[in-house]
Q: 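I'd like to ask some things about the structure below.
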Amino acid sequence: MPEESGKAPLLELSDVTRRYGLREGFFAGRRREVVAVAGVDLAVGVGETVGLVGESGCGKSTLARLAVALEPPSSGTVRLDGRDPWSGEAGVRQGLPRLVQMVFQDPFASLNPRLPVGWTVAEGLRAVGQGSARARRERVLELLSLVGLEPEHARRFPHQFSGGQRQRIAVARALALSPRLIVCDEPVSALDVSVQAQVINLLADLRQRLGLAYLFISHDLAVVGHVSDRTAVMYLGRIVETAPTRALYDGPVHPYTRALLAAAPAVDPRRRQPAVLAGEAPNPAAPPPGCPFHPRCDRAVAACREAVPPLAEVAPGHFARCARPS
Ligand code: ADP
Ligand code: MG
């Protein structure tokens, strides 16, 4: 529905599921599947930052690839600026680079080691045939300055930079076509703690200056809480709790969120609780029946083994998928 464009959220996932087939055993006789993302509803509005947090393997990167239309959902709908990139509607996929870009965890792996960074930053501009070579050079200098780098950096190669500077280069490349949404998948997880804050501050500053929206993904609650207006907690492919960030951090109701917060080093030591997140995350190819968190949950009752609870509103704008929210 193109007439909705502009009013719709920049990103809207409706009941999105992504399955992967797995070949099991040497002769691959049996086939099993992993449900990496299961029935996710998530929206990111214009200028908004939504955080997504959860342990390794819970489906965050899969959700990121779905959000930027690198791969299609198995079921459900992805809409970017009100349009479904998988509908076949003319022009929608071609318009995506100007709407949404991605920043990955490891800037070294995502930058070509053999190309001067100026060339890499201009990659998107060349791909859409935008501007003369001279105009592109000027845009590269502007982008480098926007991310706090110097004009002479354009001629250097990725190995000549620190990790934090390389992530700045990846951000400059993502900004080249002035997208409105950036999906950041663990953007600071590979960086030293001291450098993490600098890159987070850069992203926050760019948001102010450019009116950007972010889907900000991390396994680190402290990082997500620092940058997000709203936070969603994911467990084994599902969103188990979502709320305005302050409400979620001040009053988590899902036992998993509470456990994650207790396990994270609290800023205020008086609020530290003993970690209750015992045991490994379950195997996504063989999830436990009912609520997938019940084997690790100290509040679980018989009903929790039977059915996955719905995502219910526990306070205005605060949703939790738990039969016994606290
Ligand atoms: P996270 O980013 O939270 O660590 P991922 O989205 O990478 O989680 O993975 C979620 C689950 O989906 C994992 O069990 C992973 O093994 C599986 N998975 C992800 N991508 C693929 C793929 N291309 N093929 C098969 N399984 C996959
Ligand atoms: Mg990941």
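Counting begins at 1 with the first residue of the sequence. Quantities reported herein were computed from a predicted structural model and do not represent experimental measurements. In each ligand, atom 1 is the first atom listed, and ligand 1 is the first ligand listed.
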Q: In sequence, state the C-alpha distance, the side-chain angles, and the governing distance for D298 and R258, and then conclude on salt bridge (charged side-chain N to carboxylate O under 4.0 Å, His left out).
A: CA-CA 11 Å; D298 55 358; R258 295 173 66 87; over 6 Å; no
Q: Can you list the ligand 1 atoms lying under 4.0 Å from a non-hydrogen atom of P284?
A: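 Once the distances to P284 are compared, the set is 14 (O).
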Q: Looking at CG of L111 and CD of E123, how far apart are the two atoms once the value is rounded to the nearest 0.5 Å?
A: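 Answer for the CG-CD pair, L111 versus E123, is 9.0 Å.
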Q: Would you name the heavy atoms of D185 and S61 that are closest together and state the gap between them?
A: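 Looking at all heavy atoms of both residues, the closest pair is OD2-OG, 2.6 Å.
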Q: Going hydrophobic residue to hydrophobic residue with side-chain gaps under 4.5 angstrom, can you get from L181 over to V78?
A: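 Looking at the clustering, V78 is in the same group as L181.
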Q: Give me the ring orientation class for F157 and H159: parallel if the planes are under 30° apart, tilted from 30 to 60°, perpendicular past 60°.
A: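 Parallel: the ring planes of F157 and H159 meet at under 30°.
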Q: Is there a heavy atom of C58 sitting under 4.0 angstrom from any atom of ligand 1?
A: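 Heavy atoms of C58 do come under 4.0 Å of ligand 1.
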Q: Grab the two heavy atoms, one from L203 and one from C184, that are nearest each other, plus how far apart they are.
A: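 Looking at all heavy atoms of both residues, the shortest contact is CD1-SG, 4.5 Å.
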Q: How far is atom 5 (P) of ligand 1 from its nearest protein heavy atom, and which residue and atom is that?
A: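 Minimum-distance protein heavy atom for atom 5 (P) of ligand 1 reads T62 OG1, 3.8 Å.
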Q: In the protein, what heavy atom is nearest to atom 12 (O) of ligand 1, and what distance, to one decimal place, separates them?
A: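 The closest one turns out to be A36 CB, 3.3 Å.
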Q: As an exercise, identify every atom of ligand 1 less than 4.0 angstrom from a heavy atom of S56.
A: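 By the 4.0 Å cutoff, the relevant atoms are 4 (O).
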Q: Check step by step if side-chain contact (heavy atoms from CB on, under 4.5 Å) holds for S228 and T49.
A: CA-CA 5 Å; S228 306; T49 297; 4.1 Å; yes
Q: With respect to G21, determine whether any N or O atom, backbone or side chain, lies less than 3.5 Å from an N or O atom of ligand 1.
A: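 The answer is no, given that G21 and ligand 1 share no N or O pair closer than 3.5 Å.
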Q: Residue-level breakdown please: for R65 versus ligand 1, do any non-hydrogen atoms fall below 4.0 Å on the side chain, on the backbone, on both, or on neither?
A: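 Just the side chain.
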Q: Looking at L63, T77, D41, which one forms a side chain to side chain contact (heavy atoms under 4.5 Å, CB included) with L13?
A: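 Looking at L63, T77, D41, the match for L13 under the side chain to side chain contact (heavy atoms under 4.5 Å, CB included) is L63.
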Q: Under 4.0 Å from a heavy atom of K60: give me the atoms of ligand 1 that qualify, with their elements.
A: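 In order of numbering, the contacting atoms are 1 (P), 2 (O), 3 (O), 4 (O), 6 (O), 8 (O).
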Q: Using the side chain to side chain contact (heavy atoms under 4.5 Å, CB included) definition, which of the options L248, T231, V53, V314 pairs with E241?
A: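 Output: one option passes, namely L248.
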Q: At less than 4.0 angstrom from any non-hydrogen atom of G59, what atoms of ligand 1 do you find?
A: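 Taking each heavy atom of G59 in turn, ligand 1 has 1 (P), 3 (O), 5 (P), 6 (O), 8 (O), 10 (C) under 4.0 Å.
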Q: Is at least one protein non-hydrogen atom found at under 4.0 angstrom from atom 3 (O) of ligand 1?
A: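 Yes; the ligand atom in question has protein heavy-atom contact below 4.0 Å.
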Q: For a distance under 2.8 Å, tell me if S61 has an N/O/S atom near the Mg ion (ligand 2).
A: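 It does: S61 brings an N, O or S atom closer than 2.8 Å to the Mg ion (ligand 2).
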Q: Is S61 touching ligand 1 with its side chain, its backbone, both, or neither, if touching means heavy atoms under 4.0 Å apart?
A: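 It is both backbone and side chain that touch ligand 1.
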Q: Among all protein heavy atoms in this structure, tell me which lies nearest to atom 27 (C) of ligand 1, with the distance rounded to 0.1 Å.
A: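 Atom 27 (C) of ligand 1 sits closest to the protein heavy atom Y20 CD1, 3.3 Å.
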Q: Please state which protein non-hydrogen atom is closest to atom 13 (C) of ligand 1 and give its distance, to 0.1 Å?
A: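 For this ligand atom, the closest protein heavy atom is G57 O, 3.9 Å.
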